[in-house]
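Let me begin by presenting the structure, written as structure tokens, before commenting on it.
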Amino acid sequence: MKYYIADSAVFIMDGFKNINYSSFITVASVTEELKSDEAVMRYDIARENGIIVEVPEPDKRNSVIETARYTRDLNELSKADIDILAKALEYRDKENITLLTDDYAVQNVAELLKINIEPVAQKKIKDKLVWEKECIGCKKRFECGDTCPICGSKLKRKSKRKV
Ligand SMILES: [Zn+2]
């Protein structure tokens, strides 16, 4: 199976290559780099639809840091960058993976670590993302509000993808 390792740009620029979210792997620290509501929504949608979120292995992080120090990219790398590189390094020999990133320093380190990379190309058709409210009781969805008009339970915020 082909896996994509997704750095924050995938969520920021909607760089999903397909909608089979379970073929994407990322790390929780990418959320630190998601500033826009749209990017956060894309992350939430991916989580709801099976994207794999994992913790990087400490020894793989150390290898990444050593390599980045060698290429003089270490100062350019965020915690999320190091985490995602560590994750890609872990999967490099186990699965057919491609690291999706537009970050020059990340690409540079990945190249030295023999990790397959692909830039995050912007999609032509932008998906429309909206928030909805879902009742925690009867699961009915509403555009807004705090309390369910049907059963009186609380409404929880949910993201939804509109194509
Ligand atoms: Zn309800």
Side-chain angles (χ1 to χ4, degrees), residues 1-61 64 77-92 94-103 106-107 110 115-163:
M1 179 154 167
K2 166 95 184 159
Y3 284 101
Y4 291 101
I5 311 288
D7 97 343
S8 53
V10 171
F11 305 98
I12 294 164
M13 312 222 302
D14 200 4
F16 286 98
K17 301 282 173 186
N18 57 60
I19 54 159
N20 178 17
Y21 287 103
S22 53
S23 66
F24 290 84
I25 299 166
T26 194
V27 291
S29 50
V30 297
T31 56
E32 291 163 21
E33 299 185 345
L34 307 181
K35 308 284 182 229
S36 74
D37 283 350
E38 280 214 328
V40 173
M41 279 189 255
R42 285 192 196 100
Y43 182 84
D44 287 347
I45 288 167
R47 291 242 36 189
E48 284 169 21
N49 291 282
I51 192 171
I52 302 159
V53 182
E54 291 185 347
V55 176
E57 293 176 357
D59 64 314
K60 296 293 188 294
R61 285 191 101 252
V64 168
L77 296 183
S78 66
K79 181 184 180 292
D81 292 338
I82 294 168
D83 286 352
I84 204 78
L85 278 162
K87 198 37 73 185
L89 181 59
E90 182 194 326
Y91 275 93
R92 184 193 62 186
K94 289 199 277 186
E95 303 282 353
N96 175 14
I97 58 141
T98 297
L99 172 59
L100 302 174
T101 180
D102 280 340
D103 187 296
V106 172
Q107 290 180 356
I115 293 164
N116 203 12
I117 50 171
E118 225 176 273
V120 182
Q122 258 172 315
K123 274 165 72 180
K124 298 119 251 159
I125 303 156
K126 285 267 167 206
D127 292 334
K128 240 179 120 189
L129 297 162
V130 290
W131 287 113
E132 275 190 334
K133 294 287 187 89
E134 188 188 81
C135 172
I136 59 166
C138 67
K139 303 288 176 197
K140 284 237 167 22
R141 291 204 170 198
F142 304 94
E143 271 179 32
C144 55
D146 296 314
T147 315
C148 177
I150 296 164
C151 74
S153 302
K154 263 192 192 163
L155 301 184
K156 212 179 116 194
R157 199 162 72 147
K158 282 267 183 184
S159 47
K160 176 187 173 190
R161 164 164 272 181
K162 257 193 195 170
V163 184

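The basis for the numbers below is simple: all heavy atoms, side chains too, and nothing from hydrogens, waters or symmetry mates. Along the sequence shown, residues carry numbers from 1. Keep in mind it's a predicted model, so treat the numbers as computed, not measured. Counting starts at 1 for both ligands and their atoms, in listed order.
Applying the salt bridge (Lys or Arg N to Asp or Glu O under 4.0 Å) test to every pair with at least one member in residues 47-56, sequence neighbours left out, gives these pairs: Glu54-Lys87.
Of the possible polar contacts, one joining the Thr26 side chain to the Ala6 backbone as a donor-acceptor pair under 3.5 Å is found. Between the Arg92 side chain and the Ile97 main chain, no donor and acceptor come within less than 3.5 Å of each other. Panel note: side chain Asp83, backbone Pro56; no donor-acceptor pair is recorded below 3.5 Å.
Near the Zn ion (ligand 1), less than 2.8 Å away, sit the protein N, O or S atoms Cys135 SG, Cys138 SG, Cys148 SG, Cys151 SG.
In this view, Val40 and Leu34, Asp44 satisfy the side chain to side chain contact (heavy atoms under 4.5 Å, CB included) rule, not counting sequence neighbours. Here Glu134 pairs with Arg141 under the side chain to side chain donor-acceptor pair (under 3.5 Å) rule; sequence neighbours left out.
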